[in-house]
Amino acid sequence: ILNVEQSPQSLHVQEGDSTNFTCSFPSSNFYALHWYRWETAKSPEALFVMTLNGDEKKKGRISATLNTKEGYSYLYIKGSQPEDSATYLCASVKGAQKLVFGQGTRLTINP
Amino acid sequence: EAQVTQNPRYLITVTGKKLTVTCSQNMNHEYMSWYRQDPGLGLRQIYYSMNVEVTDKGDVPEGYKVSRKEKRNFPLILESPSPNQTSLYFCASSRPGLANYNEQFFGPGTRLTVL
């Protein structure tokens, strides 16, 4: 994988359901993976920065896992709420200080 | 309040008219960066700066200039804007760290339209 890819591009989920989506990134020369949450008309806000293979991080109902050997990360949202509606971005650190972002997964929670 | 500020927030201009978008942070961060966001393309890095007087190209630097004379400020300069630079621009900063392990703090964004 040459670029950072996220799937699906968009997702509609019923309130209360759990969901997950994927970020795929180049596994060679891995440094770190960032996840951001971006609400409409606001700025992206950091969720997690992950560096270790097998790492799992959690913030409230949101959690993420990391597999650096195969080059993917999953973001999970448990019991989706309307306020979870946002675009979720992942970014892989390229070289020493560059960030390469995926296109994002746009999540809509239906009440 | 810790924040990254950008000005202006919205700008409509014409082709060839030089403009500067300012970015300032009050968190004493060494690292600052500019991104543009276009539909279907995600955030793409334009330039970044690891510290005062240290800047480097990101993935889409053509048509842009930056300077870092002070730690808190990182202006983005478009010497001769063209319509393909119409975009949403974000400035971001973060604490120093090996290989950018630290989260980035984003400004509110500047929506630029070049006619």
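Residue numbers start from 1 in every chain, and the chains themselves are labelled A, B, ... in the order their sequence lines are given, proteins ahead of strands.
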Item to check | Toward chain B, the part of A:W38 with a non-hydrogen atom under 4.5 Å | outcome: side chain
Checklist entry - Is it the side chain or the backbone of A:L33 that comes within 4.5 Å of chain B heavy atoms, both, or neither? => result neither
Checklist entry - Around atom CZ of B:R111, are there more than 12 heavy atoms of other residues, nucleotides or ligands at under 6.0 Å? => result no
Next on the checklist: For B:R68, is there an ion pair with B:E53 - N to carboxylate O distance below 4.0 angstrom?
Outcome noted: no
Checklist outcome for this item: Given B:G109, B:G40, B:A92, B:S33, the one with more heavy-atom pairs under 4.5 angstrom with chain A than any other is B:G40
Item to check | Cluster link A:I77 to A:W35, ILVMFWY, side chain under 4.5 Å | outcome: yes
Next on the checklist: With a 4.5 angstrom heavy-atom cut-off, is it the side chain or the backbone of A:F48 that approaches chain B, or both, or neither?
Outcome noted: neither
Checklist entry - Ion pair present between B:E79 and B:K65, side-chain N to carboxylate O less than 4.0 angstrom? => result yes
